[in-house]
There are 2 protein chains.
Amino acid sequence: MNKQTTDVEEILQKKGVKPTAVRMNVLNFLLDQEKAVSLKDIESVLSRMDRSSIFRTLKSFEEHKLIHSIDDGTGMTKYAVCAEGCNCELEDLHYHFYCISCEKTFCLMDHPISTIELPKNFKMIHANMVIKGLCDKCNK
Amino acid sequence: MNKQTTDVEEILQKKGVKPTAVRMNVLNFLLDQEKAVSLKDIESVLSRMDRSSIFRTLKSFEEHKLIHSIDDGTGMTKYAVCAEGCNCELEDLHYHFYCISCEKTFCLMDHPISTIELPKNFKMIHANMVIKGLCDKCNK
DNA sequence: AGATCCTATGCAACTCAGTTGCAAAGTTTA
DNA sequence: TAAACTTTGCAACTGAGTTGCATAGGATCT
Ligand SMILES: [Mn+2]
Ligand SMILES: [Mn+2]
Ligand SMILES: [Zn+2]
Ligand SMILES: [Zn+2]
């Protein structure tokens, strides 16, 4: 735990999510990570809590723009806490990186998705951009 | 059918896949499409053929670089025939577009994935880039 | 041709992440 | 306190994808 209970409570309040035990635990865990995590990852750590409760918590967090989800192609959706000031709009989108060796999925916060030229009349609303390869620790 | 049986047979031969009935039918269907299709799409058209046979056919096609797969976030993998000369290498990667209105997934062949700046020592090997929004026909 | 071998196919069963219905527990409101 | 609403846990279900296995279909050898 790298955050005080009160911090987590505040964050939830601010985003309009009622701070319950499950929610505080899930958010606390998410804030601890340097990589994006799956429902299963959370489940195995917060083993006292039910899968569906964690699932619904994640859905709720996503709706309230507290976290964003990443489809990294592994078949398990990953979740990561949104950056300060993120509103989950086009300008907040960033690339994600999946390491095929250590199997970690990273948010590349410093790599925003620049405007992409599209065919005439196509309109971009959202995007899921995943680069796969080797992370710095696995690239020897 | 927009291709003669012999054409399809030739393509399979050239890519090192033995041309069987299932394979020729699947390839024929794939060549007909202007959008990427799912296993289910193929199944519902080639209803005489078994799902697992089509599934294994797609896997085989992918291994032999006849088609490439796209994870567009819908939960159903889409497949599209590779362009002439495609070797499924980095330089062959291109953006994909998923229309949230008509639910079609397109290959943006004219939009190759340019080299993306990555954090120090990260190495890109592959990528799945999906832009979501409205296609020209749905964007009114 | 007939026997043998290898591959492709169809069928059924299974996996597994995600999702939902429902009742019990907990919280807020009147 | 009682009623109303929300959250949680449990169990059952969904659906795409995947696999084992027996049969069918071709190719190859004698
Ligand atoms: Mn991210
Ligand atoms: Mn494509
Ligand atoms: Zn790694
Ligand atoms: Zn459309």
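Chain A is the first sequence line, chain B the second, and so forth, proteins listed ahead of strands; every chain is numbered from 1. The structure displayed is predicted, hence computed values, not measured ones.
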> Should the pair Phe106(A) and Phe122(B) be assigned to parallel (<30°), tilted (30 to 60°) or perpendicular (>60°) ring geometry?
Replying inline: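 Rings of Phe106(A) and Phe122(B): perpendicular, as their planes differ by over 60°.
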Can you tell me the distance, in whole Å, between the [atom1] atom of [X] and the [atom2] atom of [N]?
X	N	atom1	atom2	answer
Asp41(A)	dA17(C)	CG	P	11 Å
Tyr79(A)	dA17(C)	OH	P	12 Å
Met24(B)	dT9(C)	CE	C1'	16 Å
Glu9(A)	dT27(C)	CD	P	12 Å
Asp50(A)	dG18(C)	CG	C1'	13 Å
Glu43(A)	dG18(C)	CD	C1'	11 Å
Ile54(B)	dC11(C)	CD1	P	12 Å
Asn25(B)	dT9(C)	CG	C1'	13 Å

> How long is the span from the CD atom in Glu103(A) to the NZ atom in Lys35(A), to the nearest 0.5 Å?
Replying inline: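 If I round to the nearest 0.5 Å, the distance is 10.5 Å.
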>> For the NZ atom of Lys59(A) and the OG atom of Ser69(A), what is their distance to the nearest 0.5 Å?
In response: 6.5 Å
> For DNA chain D, which nucleotides open and close the run of contacts to chain B, 5' to 3', at under 4.0 angstrom from a non-hydrogen atom?
Replying inline: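 Under 4.0 Å from chain B, the extent on DNA chain D is dA16(D) to dG20(D).
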> Of the non-hydrogen atoms in Cys99(A) and Cys135(A), which two are nearest, and what is the gap between them?
Replying inline: SG-N, 3.5 Å
> Taking all atoms of both residues into account, what is the closest heavy-atom pair of Lys15(B) and His64(B), and its distance?
Replying inline: O-CD2, 3.3 Å
Identify whether any heavy atom of [X] sits under 4.0 Å from a base atom; if not, whether one sits that close to sugar-phosphate; answer base, sugar-phosphate or nothing.
X	value
Ser52(B)	base
Thr77(A)	sugar-phosphate
Arg56(A)	base
Arg51(A)	base
Ser53(B)	base

>> Test question: given the 4.5 Å side-chain rule for I, L, V, M, F, W and Y, name all other residues clustered with Ile125(B), or answer none.
In response: Ile70(A), Tyr98(A), Ile100(A), Val130(A), Leu134(A)
> If two hydrophobic side chains count as joined below 4.5 Å and joins carry through other members, does Met124(B) share a cluster with Ile113(A)?
Replying inline: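 Yes.
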>> Side chain of Thr57(B) only, heavy atoms from C-beta on: which candidate in dT7(C), dT28(C), dT9(C) is closest?
In response: dT9(C)
>> Both Gly75(B) and Lys18(B) contact DNA chain D. Which one's nearest nucleotide lies toward the 5' end?
In response: Gly75(B)
